[in-house]
Amino acid sequence: MMNYLIKYGIFAICILLSSSCKKSFLDAKPTSAILTPKTLNDLQGLLENDVELTKSTPALSQMASDDYIFTSYENWLSTNTPTERNSYLWAKDIYEGTKLIRDWSSGYSGIFYCNNVLEVLSTIEQTPSNTAQYQMIKGWALFMRAYLLYDLVRNFSPTYDSATAAQDLGVPVPLKPEVDVLLGRASVQDTYQQILSDLAKATRALEPTRPVNSNRPGRAAAYALGARIYLSMRLYKEAEGYADSALTISSKLIDYNTISKTALNPFEINNDETIFSTGAILADYTIITPTSANTRVTVNPELVNLYDPNDLRLTIFFRLNATTGNLYVRRGYFLQSTPYTGLATDEMYLIKAECLARRNLIPESLDWLNRLLINRFITGSFKPVRGLSQDAALQRILTERRKELVWRTLRWTDLKRLNKEGANITLTRSLNGVTYTLAPNDLRYVFPIPDDEIALSGIQQNPR
């Protein structure tokens with residue numbers, strides 16, 4: 001596997017444990033013979049590291065999406081990193097030589113944590129007195145490995161296509177906490193098989209009730225992740241089944257009439273809709289931060305125009321910057337200055353509605369959609385959606401999906417799968433008098449692997 005990234009992961013664990021005044025279990029050495037945690041409490045402590053595990057989602061897909069636009073060429077030029085500028089224009093060379101791209105390295109650092117936990121766990125005897133904690137840790141580590149690996153493959157590989165998945169390049173799949181082993185890229189098929197295998201095992205191990213804290217997965221999170229994955233694979237029967245299972249455990253929706261329209265943080269982190277809470281990486285990407293200080297960009301007017309004036313999402317998701325006149329994104333379910341990328345009940349409602357529509361069960365599909373939307377409109381103003389054809393119902397659901405799941409890094413994945421379905425969505429940007437275009441199914445929908453990773457590990461680069 002990627003030698004320097006595994007060493008980076010070990011170093012991160014050392015810093016974490018030493019800085020929190022705990023025993024340093026891991027010593028960064030250039031071999032596999034490293035010190036490891038020894039108790040269940042040690043392992044749980046590693047999984048509770050939010051920086052390496054729940055803030056590891058790649059942000060590239062948000063920066064490349066059509067949720068926002070730069071307000072001027074000068075603002076585009078003044079961004080903090082080349083990656084921000086180049087992602088916006090879908091350039092062939094995104095990084096311009098920037099090293100240690102965290103969109104790639106953070107996921108593998110988190111996977112190292114999970115592999116270390118699973119390795120040590122296999123040496124600890126499961127007894128009647130420790131079964132609950134043992135199974136919770138096992139399920140948690142397997143779930144997080146699946147979660148992080150899926151985020152990597154959906155960004156750095158082509159979208160799943162059953163006709164080509166066995167040949168398409170996936171990502172390296174490390175299953176051991178080894179420092180000095182290099183792995184090549186698995187196929188997309190094999191990458192997804194490992195993800196789904198981990199997820200199945202995690203589902204059996206995780207507790208069936210909803211955890212108190214949303215940074216810890218329960219069985220509903222495993223089901224919800226399965227629904228998200230299968231939807232992206234365009235396996236709609238499986239996606240619907242997993243969504244059903246998630247909704248059996250966690251189906252509450254928030255009435256947005258009860259949410260503050262002025263608070264900096266409109267939502268609580270452990271709210272009724274959050275199933276599992278994660279955020280995009282805390283890299284130096286300022287253009288996607290949900291804060292009033294983000295003045296270089298504004299929400300795409302095309303997106304804003306999709307909202308009805310009585311739709312509360314327009315004021316809860318966005319706010320007008322009085323100084324610049326731009327709309328900026330407010331903090332969502334993650335409550336921090338990074339996009340929310342976790343799993344939530346609203347996403348499950350939309351997956352259920354879409355899958356029913358694809359089966360041409362239109363009244364049932366619209367019923368699920370209406371149950372969501374009535375909680376998003378000013379009380380008394382919502383008119384239920386009824387009487388649509390299959391095509392019209394599906395398009396309405398996909399439009400609501402775009403409006404509901406804005407700024408969650410899911411739009412890019414949706415564009416990849418929908419264009420595979422023949423949606424023929426072309427993205428365009430205009431900047432300094434030049435129009436930039438991203439055609440459906442363009443190779444640039446797959447992000448390049450960082451150049452320093454290619455140089456050190458020798459794995460194959462994505463064509464651009």
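Quick caveat: nothing in here was measured; it's all calculated off a predicted structure.
Summarising the geometry, atom NZ belonging to K352 is positioned 9.0 Å from atom CD belonging to E364; distances are rounded to the nearest 0.5 Å. Rounded to the nearest 0.5 angstrom, L60 CG and Y95 OH are separated by 5.0 Å.
Salt bridge annotation for D414-R401: present, with a cationic side-chain nitrogen under 4.0 angstrom from a carboxylate oxygen. The residues R185 and E453 are annotated as not salt-bridged, no charged nitrogen and carboxylate oxygen being separated by less than 4.0 angstrom. Salt-bridge annotation for R359 and E354: absent, with no side-chain N of the basic residue lying under 4.0 Å from a carboxylate O of the acidic one. Between E400 and R376 there is no salt bridge, since none of the side-chain N atoms of the basic residue sits less than 4.0 Å from a carboxylate O of the acidic one. A salt bridge between R228 and E238 is absent, with no side-chain N of the basic residue lying under 4.0 Å from a carboxylate O of the acidic one.
Under a 3.5 Å cut-off, the side chain of S106 and the backbone N or O of S56 do not form any donor-acceptor pair. Using modelled atom types, one side-chain atom of E84 and one backbone atom of I287 make a donor-acceptor pair closer than 3.5 Å. Remark: side-chain polar atoms of R330 are paired, donor with acceptor, to backbone N or O of A263 under 3.5 angstrom. A donor-acceptor contact shorter than 3.5 Å links the side chain of N326 to the backbone of T295. A donor-acceptor contact shorter than 3.5 Å links the side chain of T258 to the backbone of D255. The main-chain N or O of L235 is never found under 3.5 Å from a side-chain atom of K237 such that the two would form a donor-acceptor pair. In terms of modelled atom types and a separation under 3.5 Å, the side chain of N294 and the main chain of T289 share a donor-acceptor contact. In this structure, the side chain of D42 engages the main chain of K38 through a donor-acceptor pair within 3.5 Å.
Checking N41 against Q133 by side-chain atom types alone, a donor-acceptor pair falls below 3.5 Å.
The six-membered or imidazole ring of W104 lies away from that of F447, with a centre-to-centre distance of 6.0 Å or more. Residues F318 and Y328 place their aromatic rings such that the two centres sit no closer than 6.0 Å.
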- Task: Would you check, one step at a time, whether the test side-chain hydrogen bond (donor to acceptor under 3.5 Å, both in side chains) holds for S232 with R417?
- Result: CA-CA 6 Å; S232 72; R417 74 174 175 94; over 6 Å; no
- Message: ring-ring contact (aromatic ring centres under 6.0 Å, His included), that's the test. Do Y256 and F267 meet it? Break it down for me.
- Response: CA-CA 10 Å; Y256 275 21; F267 301 98; 5.5 Å; yes
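The cationic group of R429 lies under 6.0 Å from the six-membered ring centre of Y68 and within 45° of the ring axis, placing it in a cation-pi geometry. Judged by the 6.0 Å distance and 45° axis criteria, R408 is not positioned over the aromatic ring of Y340.
Other residues, nucleotides and ligands place no more than 12 heavy atoms under 6.0 Å from the NZ atom of K252.
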